[in-house]
Amino acid sequence: EPRWAGQIKIFWKEPARDYTLSIRNYEEDEWVTIMTIVDNADVTTHHYHFFQARWVRLHMTKAATTRPDLLTVDQWKEYYEPTNFPVYSVKEFQVLKDDEISRMKQTNSSQTWNRPVTFALDGDRDTYWATPPGTDRADYLVDFGSLITINVLRIAFRYKPEILAVIPSRLPCGQCPWVETTGFENRMQCNDLSFVDVTDIEAGGWAGCILSGDDYKGGRAKCPPNFPLMCNDPCPTSAGEDWCCATSCDDYGGLRDCPPEQAMPAGVPIVEAMGDAVEDLIEQTSMWQMQCLRVQMDRNGMAYGQQISGIEEIEAFGEGDNIASRYFGSEVEYTLPSGQTNEIQASYALDGNPDTNWLVTPQANGLVILAVDLGEVKTLMSLEVIFATVDGFQYKSSKFDLSIGNNIWTSMTEVDSVIGFTQMSRKVLLGLRSARYVKLTVEKVYSTNPGGLFGLQDLRILAASDNLGTRNSTTSYATSSWTTDPEDPIADWASGDFYPHAPSMALDDNLETWWGAPLGVSNIPDEGAGRATYEILFGTPQLLTLAAVRWRYPSSSVSASCAGELFGKYLQVAAAIEIQDYITPLVFIGQRKCQKVLITFGKPVHNYADEGIVGIRELELHNFNKDHALQEPIIDSDGQPADLAVDTDVTTRWEIDSSSPKNLTVDLGEPKYAWGVRVLFP
């Protein structure tokens with residue numbers, strides 16, 4: 001009759017090299033091949049396959065050994081080319097009952113995502129903030145805590161939007177944008193989106209947007225730039241909900257509240273891009289004053305077939321210390337005209353003191369050079385040249401240039417060159433540039449300079465600040481984040497036949513199907529990617545000694561935990577690291593009674609769509625009590641017996657007093673099929 005089976009085992013005397021295994025339930029059925037073996041070299045073969053059948057057929061097509069036909073020898077004892085006949089011989093053919101305890105049991109797969117808003121400001125490009133898949137637009141806001149000056153702004157995207165706008169604001173991120181930004185001083189926007197020109201302003205209020213009859217415009221929507229604050233109390237000269245515009249709201253009940261959807265900074269974008277013009281890394285260099293930075297993302301790009309936006313890092317840098325002085329390890333490398341006295345006096349231009357100056361007579365060709373060694377390669381933001389004024393006389397240059405580099409003689413790059421300069425100072429914004437040396441080359445001084453001298457009050461070399469985005473005073477907000485509570489993970493209960501790689505597919509005994517963890521998961525917090533687990537539940541507690549993971553996409557590590565009750569606490573019972581093989585056995589710490597088993601996966605080994613991926617073809621749970629090494633012959637590397645290591649008493653032990661490496665070798669008598677080796681140290 002048809003029966004369920006889980007394994008076919010063949011003990012060969014003369015094995016077949018190629019063969020197939022087929023099954024059928026009824027005589028009128030076609031034979032169904034469940035296994036095809038090629039180039040077999042084993043004398044005992046194990047075939048794990050879950051099936052139901054009445055008949056099992058072994059069809060041998062190629063033998064491992066052959067014998068010649070002796071009839072090919074004639075009466076004259078002359079040998080012809082013999083005909084070789086295949087030899088097949090089977091000691092035992094076994095069809096075994098299914099012993100996989102976890103087969104077809106209920107499963108629970110859970111995962112957490114961890115792409116929070118803070119990951120775009122943590123200084124780590126390997127982490128990122130993202131919107132949940134399926135989000136069509138998003139806003140990401142950075143509040144620097146106070147009004148600051150930013151010279152370099154970087155935005156690195158993980159997933160780019162189709163339409164991007166980067167908007168700075170001098171106001172806090174949470175303050176309502178009650179300022180109309182067209183630049184017209186006396187132009188006010190009304191709620192119907194029209195504008196009125198304001199000419200009569202008294203006590204911070206007027207009625208331009210709330211006239212009666214056909215002129216009704218719905219009240220004020222935004223105030224003009226010269227009266228930028230919209231206050232809480234309605235203006236005394238108007239009716240209805242018409243709010244006051246003022247430079248101060250102290251007399252009008254404070255700032256007016258606004259709906260949350262309007263609490264976004266308004267301003268002129270410093271970046272606007274669409275389509276292919278949206279770059280993976282955006283870097284802008286200028287001088288902005290802002291407290292709030294808004295990254296507006298519309299028509300988010302597609303990933304995994306859904307819209308999603310993600311930012312790896314937002315970095316903002318301003319000017320740091322003036323590192324030209326000896327206090328920061330800098331010193332004069334050389335001057336032209338040269339000489340020790342000249343170099344000492346040139347250091348007065350590097351002390352940051354406005355009361356000290358360097359006055360020098362140029363060479364005959366009008367040349368003056370000051371080269372500064374910063375002591376090591378440093379990141380610079382800007383350079384500033386301030387000419388000297390002594391006793392009311394100016395000592396300035398009309399033609400000069402600035403250069404930076406890492407070798408004062410061979411690799412200097414010009415960053416500024418000026419002809420016909422008339423001012424007393426000049427500042428050059430470099431952005432983020434690395435250099436060890438800075439050189440000022442003066443080619444011409446003014447004829448009005450007393451004595452034809454050149455004078456320099458200060459050469460200021462301003463380093464880049466630290467990343468302003470990672471300071472404690474900086475906070476961030478986003479309209480949505482792809483993150484879940486680790487204590488309340490998203491769970492998928494099997495069966496889940498609708499799911500392409502459902503949890504049930506790791507327990508269906510089909511190596512062509514597999515369960516996949518969500519892309520990008522890991523149980524390593526530093527990776528910023530959440531974690532993936534696989535849980536098996538039993539109706540009653542089961543005795544288990546082994547979990548076997550057959551991989552589709554392996555993780556670098558995996559562990560197994562066991563709980564004796566359905567609501568009991570998990571205890572880790574096995575683990576494996578540095579996984580490279582197709583199958584990973586997890587040998588438990590002794591036999592365990594488990595009603596649920598949790599498999600926890602480490603960092604993925606492979607990537608798909610730039611995300612880590614973990615997948616398993618089959619997860620098997622077994623209870624194997626047989627110890628093949630028990631009481632078998634065993635010797636150490638000196639040829640001495642070590643019987644106490646394989647006896648039945650776990651309290652006895654084999655030991656040796658030696659600092660040199662030692663081996664233990666056990667003879668199992670014949671080839672045995674085993675899942676793993678367990679060594680119990682005292």
Polar side-chain atom of Ser465 near backbone of Gly318 as donor-acceptor pair, under 3.5 Å: yes

Side chain to side chain, Asn607 and Ile613, heavy atoms closer than 4.5 Å: no

From Ile308 atom CD1 to Thr135 atom OG1, the distance as rounded to the nearest 0.5 Å: 7.5 Å

Pairs touching residues 429-440 that satisfy side chain to side chain donor-acceptor pair (under 3.5 Å), sequence neighbours left out: Asp373-Arg436

Partner residues of Arg299 under the side-chain hydrogen bond (donor to acceptor under 3.5 Å, both in side chains) criterion, sequence neighbours left out: none

Leu380 side chain reached by Val438 side chain, heavy atoms, under 4.5 Å: yes

Heavy-atom closest pair, residues Ile404 and Ala435: CB-CB, 3.8 Å

Contact check, side chains of Val614 and Trp551, non-hydrogen atoms, under 4.5 Å: yes

Qualifying residues under side-chain hydrogen bond (donor to acceptor under 3.5 Å, both in side chains), relative to Thr410, sequence neighbours excluded: Asn407

Intermediate values then yes/no, side chain to side chain contact (heavy atoms under 4.5 Å, CB included), Leu121 and Tyr140: CA-CA 11 Å; Leu121 287 178; Tyr140 191 98; 3.9 Å; yes

Nearest-0.5 Å distance that lies between atom OG in Ser169 and atom CD in Gln289: 12.0 Å

Gln291 and Arg170: side chain donor to acceptor below 3.5 Å: no

Met297 side, atom CE; Asp136 side, atom CG - distance, nearest 0.5 Å: 12.0 Å

Residues, nucleotides or ligands: over 12 heavy atoms within 6.0 Å of Tyr327 OH: no

Side-chain donor or acceptor of Ser397 paired with backbone N/O of Lys444 under 3.5 Å: yes

Within the 6.0 Å centroid threshold, strictly below: Phe157 and Trp129: no

Asn300-Ser309 side chain donor-acceptor pair, cut-off 3.5 Å: yes

Distance, nearest 0.5 Å, that separates CG of Leu462 from NZ of Lys427: 5.5 Å

Heavy-atom pair of closest approach, residues Ser330 and Ala324: CB-O, 3.2 Å

4.5 Å side-chain heavy-atom contact, Val295 and Asp139: no

Nearest non-hydrogen partners of Leu459 and Asn322, listed with the distance: O-OD1, 4.4 Å

Full working for side chain to side chain contact (heavy atoms under 4.5 Å, CB included) between Val372 and Leu350: CA-CA 9 Å; Val372 181; Leu350 302 178; 3.9 Å; yes

Contact check, side chains of Phe328 and Leu374, non-hydrogen atoms, under 4.5 Å: no

Flag, side chain of Asp458 to backbone of Arg460, donor-acceptor distance under 3.5 Å: no

Electrostatic pair Glu162:Arg137 at N-O distance under 4.0 angstrom: no

Interatomic distance, Asn510 atom CG to Ser504 atom OG [nearest 0.5 angstrom]: 11.0 Å

Donor-acceptor pair, side chain of Thr285 and main chain of Val152, under 3.5 angstrom: no

Donor-acceptor contact present, side-chain Thr131 to main-chain Ser481, <3.5 Å: no

Point-to-point distance, once rounded to the nearest 0.5 Å, from CG of Leu293 to CD1 of Ile150: 6.5 Å

Heavy-atom pair of closest approach, residues Asn467 and Ala316: OD1-N, 3.1 Å

Distance-only side-chain donor-acceptor flag, Glu319 / Asn151, under 3.5 Å: no

Nearest heavy atoms of Ala576 and Ile579, plus distance in Å: O-CD1, 4.2 Å

Flag for Asp122-Thr127: side-chain donor and acceptor within less than 3.5 Å: yes

Under 3.5 Å donor-acceptor, Lys396 side chain and Thr422 backbone: yes

Backbone of Ile323 reached by a side-chain donor or acceptor of Asp321 within 3.5 Å: no

Within-4.5 Å side-chain heavy-atom neighbours: Val278 and Pro161: yes

Non-hydrogen side-chain atoms of Pro133 and Trp482 separated by less than 4.5 Å: yes

Where Leu619 and Tyr534 come nearest, the two heavy atoms and their spacing: CD2-CD2, 3.7 Å

Qualifying ring pair (Phe, Tyr, Trp, His ring centres under 6.0 Å) pairs with a residue from residues 402-430, counting only residues at least two apart or across chains: Tyr334-Trp409, Phe400-Phe421

Carboxylate-amine/guanidinium proximity below 4.0 Å for Arg550 and Glu618: no

Residues Tyr159, Ile311; criterion side chain to side chain contact (heavy atoms under 4.5 Å, CB included); working and verdict: CA-CA 7 Å; Tyr159 305 111; Ile311 298 176; over 6 Å; no

Side chain proximity check, Arg471 to Asp466, heavy atoms < 4.5 angstrom: yes

N/O donor-acceptor pair under 3.5 Å between Asp416 side chain and Asp401 backbone: no

Contacts of type side-chain contact (heavy atoms from CB on, under 4.5 Å), residue Cys249, not counting sequence neighbours: Leu229, Cys231, Leu255

Residues Ile167, Ile270; criterion side chain to side chain contact (heavy atoms under 4.5 Å, CB included); working and verdict: CA-CA 6 Å; Ile167 305 169; Ile270 57 177; over 6 Å; no

Salt-bridge criterion met for Glu283 and Arg154 (N-O under 4.0 Å): yes

Residues that Thr118 engages under side-chain hydrogen bond (donor to acceptor under 3.5 Å, both in side chains), provided they are two or more places apart: none

